[in-house]
Amino acid sequence: MEISKTYDPSQLEKKWYAYWSEKGYFTPKPDQTRKPFTVLIPPPNVTGALHMGHVLNNTLQDVIVRYHRMCGEPTLWLPGVDHAGIATQNVVEKQLATQDKTRHEIGREELVSLIWKWKAEKGDRIIEQLKQLGCSCDWSRLCFTMDEKLTRAVKEVFVSLYNDGLIYKGKYIINWCPRCVTALANDEVEHADEQGKLWYFRYPHQDGKGFVTIATTRPETMLGDTAVAVNPKDERYKDLIGKQLILPLTDRTIPVIADDYVDTQFGTGCVKVTPAHDPNDFEIGGRHNLQQILVMDEHGVMNENAPEQFRGLDRYACREKILQLMQEQGLLEKTDSHALAVGHCYRCDTVIEPYLSDQWFVRMKPLSEAAIQVVENGGVRFQPERWTKVYMHWMNNIRDWCISRQIWWGHRIPAYYCEACGKMLVAMEMPSSCPDCKHTAFRQDEDVLDTWFSSWLWPFSTMGWPEETDDLKYFLPTSTLITAPEIIYLWVARMIMSTLHFKGMIPFETVLLHGTVRDEQGRKMSKSLGNSPDPIDIIETVGADALRFSMVFSTPKGADVIYTDAILETGRNFANKIWNAYRFIMLNAETIKGLPAKEELQLELADKWIYSRLNEVAAEASAHYLNLRLNDAAQVLFKFIWDEFCSWYIELSKDRLYNVEPDSGPAKAALTDKYILLDVMQSAMRLLHPIMPYITEELWQGIRTHFPMPEESVMIAEFPIADAKLIDQAIADEMAFMQESIVAVRNLRKQVNLPPATEISVHVRLAEARQQSLFNRYESYFRKLAKVSELKAEVGLTKPPASLSAVVRNIEIFLPLSGLIDLNQEKERLTKQLAKLEGELASVQRKLANDSFVSNAKPEVVERERQRLAEVSTKVELTRNQIADLD
RNA sequence: GGGUGCUUAGCUCAGUUGGGAGAGCGCUUGCUUUACACGCAAGUGGUCAGCGGUUCAAGUCCGUUAGCACCCACCA
């Protein structure tokens with residue numbers, strides 16, 4: 001059998017994914033006697049291509065899903081894709097633009113059908129990429145937010161909330177993107193600090209006596225001013241209130257009004273009021289019954305309500321013209337620079353315009369109360385816990401949610417207007433006749449719903465709600481939601497509200513929030529910066545397992561991941577290490593025929609030790625997976641496999657494996673060794689499978705040809721359960737003693753740069769008789785791992801002349817090396833060591849001499865210090881003697 | 001303007017009820033040792049941001065200062 005020297009994932013990943021898929025392992029088998037484990041995928045955008053953020057998010061999900069599946073729980077990872085309203089429409093509109101067409105030219109129906117066509121052709125890319133990553137989603141349940149099933153849920157929810165008075169239509173100032181020509185929710189607006197300007201304008205008194213100076217950052221909106229406001233407490237302007245001002249560049253006059261909102265400290269203390277173009281002014285306007293004059297159209301172009309000379313000008317062109325005219329008329333008093341946070345469209349980065357329009361809203365306050373409670377009483381827990389505060393802050397200050405969007409791709413609002421009398425009806429289907437005028441023609445509301453209006457129903461819409469399906473009954477509430485903190489408001493909080501309202505239960509028990517993937521300079525990885533490697537390239541070169549392991553291994557809890565090539569190497573090297581351990585085991589398993597029964601094994605120290613460690617590690621890994629401390633799970637397994645299994649156990653096993661007599665058949669010891677190598681390796685593959693599914697399956701299947709196991713795949717094999725009986729501290733301590741001694745010998749060899757191949761003899765002065773048998777029995781460990789040809793270990797042994805020496809616990813190790821030793825150098829080394837030990841000794845002595853320590857500290861802590869004192873004193877004494885011997 | 005988090009080895013970061021400072025990468029030295037140079041072995045490296053407090057004991061708890069990051073917010 002040929003096994004290549006380096007691990008090559010390219011073929012085997014596809015092979016095993018297909019195998020799992022054929023076997024149907026991804027689809028859970030509900031068992032009413034067991035609690036299921038369910039994870040909802042944060043649905044990627046249909047336009048999405050896998051990026052490093054997806055890799056992190058979905059790897060974490062797959063790890064916990066695979067762990068729970070191996071624990072025998074009916075496990076469902078429910079996948080889906082989001083229709084991503086604006087983003088998707090933009091993609092297709094861009095394609096249209098290359099043909100010099102706009103959506104308005106081809107019309108709504110045509111555009112929507114083009115988008116569906118695009119979706120059919122390109123929309124499953126991200127799904128295929130998730131499969132490459134190894135995600136074990138139940139693809140038979142794959143959802144799309146625009147599916148018939150989910151669309152029905154959306155309509156049902158809309159109608160129900162409307163009937164309950166929780167959805168209303170109103171004229172409000174909203175965030176408007178003039179490029180996308182749509183309203184945006186607050187969360188879809190990104191603020192960026194910019195150095196802007198503050199212009200001071202003079203508005204003349206109608207009576208011709210002087211003027212009032214106001215400050216503005218958006219001069220173009222002055223054309224829609226309907227008042228100037230001052231603070232009623234402001235002594236400077238008391239007399240102004242009620243006076244009329246001439247609004248420059250227009251033929252209008254506007255009143256001076258008094259409103260508490262005005263900050264007397266800012267600007268001049270006088271504020272221009274533009275109710276149709278500013279949210280605060282809208283509020284002021286409401287209080288004072290001011291006229292709302294909309295001077296821009298939906299593209300940010302000045303409209304017919306602006307004076308003629310400005311009509312048709314873009315908002316910024318208009319601004320320039322106004323500044324120029326005001327300057328010419330001596331009405332521009334001064335210009336200051338001014339830092340302000342300007343809102344930008346999260347999709348196209350265009351500057352947002354606060355804009356007065358008809359929109360649909362959800363009243364959130366009534367929905368938020370139960371959602372606050374359920375987090376307060378621990379029904380839903382955030383991990384790390386600190387995000388709870390963020391959630392609470394938002395929920396306690398929640399505002400109504402603008403859910404209408406003026407685009408075409410999405411769920412169309414189920415509101416219908418009678419063509420005859422204009423009566424509005426909200427219903428699942430278009431009404432057949434108007435209840436008021438009996439007319440039969442209706443037109444549907446043109447707007448579609450915010451994309452989040454479908455994803456906030458995710459926990460139950462994906463399971464078939466409003467039907468009472470088996471899935472709903474069994475899998476809801478789900479177990480763990482894994483997502484990024486950025487969407488706590490947009491998605492997580494809203495799912496909690498909707499699920500409580502419509503199902504009367506929590507959507508999930510735990511929310512695990514992970515960080516962002518950043519580059520070496522700490523910048524968020526993004527397409528526009530070009531700093532994000534393509535995960536598919538990585539998967540194709542080093543494999544999904546290496547990528548997954550690297551991500552998990554270097555993921556601090558809840559903090560950001562700094563992605564570098566070095567991180568990726570950790571995973572790649574580890575995969576290669578495992579591969580080669582396997583290669584070694586398989587080559588020997590071929591040579592050594594037969595496999596003993598478990599009862600026939602002749603276990604020695606190293607064997608008992610590796611089983612002891614294996615069981616400890618199984619317990620630790622299990623706890624880490626369960627507590628979502630996945631980086632700890634990765635760390636523990638990495639250390640066990642690399643340091644303990646490969647560096648110590650496998651190295652020790654060689655002595656027994658190579659001691660095979662060709663004619664007389666394998667020795668008992670070799671058979672025992674073969675058994676344990678196979679057994680520990682297959683267990684390790686189970687432990688690691690959640691993180692590295694492909695390589696573990698490949699190797700586990702290979703091992704199975706020599707070591708029969710009941711399951712047919714590691715993916716559905718039982719996760720190892722720690723056997724407490726096999727965890728043996730005495731064995732662990734003996735092995736540690738041997739390891740420390742071997743390291744000491746290696747260290748001494750290094751002092752004089754002995755070539756690795758040179759064999760030497762080592763003398764050990766033991767302190768206790770019971771150490772004798774240990775060193776006699778396991779002399780071979782020294783032979784193999786420290787190239788020791790002769791080990792002489794006795795109590796009271798005489799120090800050989802001209803030897804290097806070291807202290808391990810209470811024994812002394814000597815390397816007789818006459819002629820090779822530089823006495824001064826050796827003395828210097830030992831003296832340095834002694835200084836270190838003496839420092840340690842002094843600190844322990846100080847502690848124990850302190851009465852308050854002895855009386856206040858826990859007894860076991862005091863006891864540990866006493867033992868330490870004894871150990872360190874011995875070492876100090878022995879080292880002192882060794883130095884004295886050199887003279 | 002509010003809020004949250006971070007500051008530990010050269011770099012990126014762990015450190016779970018307070019009790020002998022850790023990992024990966026890097027660096028130094030020596031190795032083609034029949035699983036692996038994507039490797040082996042032995043090492044170097046840290047007043048745990050500063051200051052103050054609680055405690056027998058503080059990287060860990062409290063206060064404070066400084067620097068950094070992110071989130072939220074309508075200051076014209």
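The model shown is predicted, which means the values in this text are computed figures rather than measured ones. Naming convention: chains lettered A, B, ... in sequence-line order (proteins, then strands); numbering from 1 in each chain.
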Item to check | Distance, C1' atom - from B:U54 to B:A58, rounded to whole angstrom | outcome: 10 Å
Checklist entry - Across the strands shown, which category fits A:Ser647 at heavy-atom distances under 4.0 angstrom: base, sugar-phosphate, nothing? => result sugar-phosphate
Checklist entry - Starting at the 5' end of RNA chain B, which residue's closest nucleotide do you reach first, A:Lys272 or A:Asn850? => result A:Asn850
Next on the checklist: Roughly how many Å apart are B:G10 and B:G18, using the C1' atom of each and rounding to a whole number?
Outcome noted: 30 Å
Checklist entry - Touch check for A:Gln635, heavy atoms < 4.0 angstrom, all strands: base, sugar-phosphate only, or nothing? => result sugar-phosphate
Next on the checklist: Classify A:Glu651 by what it touches in the nucleic acid, base, sugar-phosphate, or nothing, heavy-atom distance under 4.0 Å.
Outcome noted: base
Item to check | Distance test, side-chain N/O of A:Arg746 to OP1/OP2 of B:A42, below 4.0 Å | outcome: yes
Next on the checklist: With rounding to the closest Å, how many angstrom separate the C1' atoms on B:C68 and B:C75?
Outcome noted: 27 Å
Checklist entry - If you count the non-hydrogen atoms of other residues, nucleotides and ligands that lie under 6.0 Å from CD in A:Glu385, is the total more than 12? => result no
Checklist entry - Within the structure, does a side-chain N or O atom of A:Asn573 lie under 4.0 Å from either OP1 or OP2 of B:C38? => result no
Checklist entry - Which comes earlier along RNA chain B counting from the 5' end, the contact point of A:Ala575 or that of A:Gln751, where each point is its nearest nucleotide? => result A:Ala575
Checklist entry - Is the shortest side-chain N/O distance from A:Arg629 to OP1 or OP2 of B:G15 below 4.0 Å? => result yes
Next on the checklist: Please report whether the ring centroid of A:Phe382 lies less than 6.0 Å from that of A:Trp387.
Outcome noted: no
Item to check | A:Arg315/A:Glu220 ion pair, N-O < 4.0 Å | outcome: no
Checklist entry - Can you tell which of B:A76, B:G24, B:A42 lies closest to the side chain of A:Phe553? => result B:G24
Item to check | Who pairs with B:G2 - Watson-Crick or G-U, where each distance is under 3.5 Å | outcome: B:C71
Next on the checklist: Could you tell me the Watson-Crick or G-U partner of B:C61, where both distances fall under 3.5 Å? Say none if there is no partner.
Outcome noted: B:G53
Next on the checklist: Counting only heavy atoms not in A:Arg829 (residues, nucleotides, ligands), do more than 12 fall under 6.0 Å from its CZ?
Outcome noted: yes
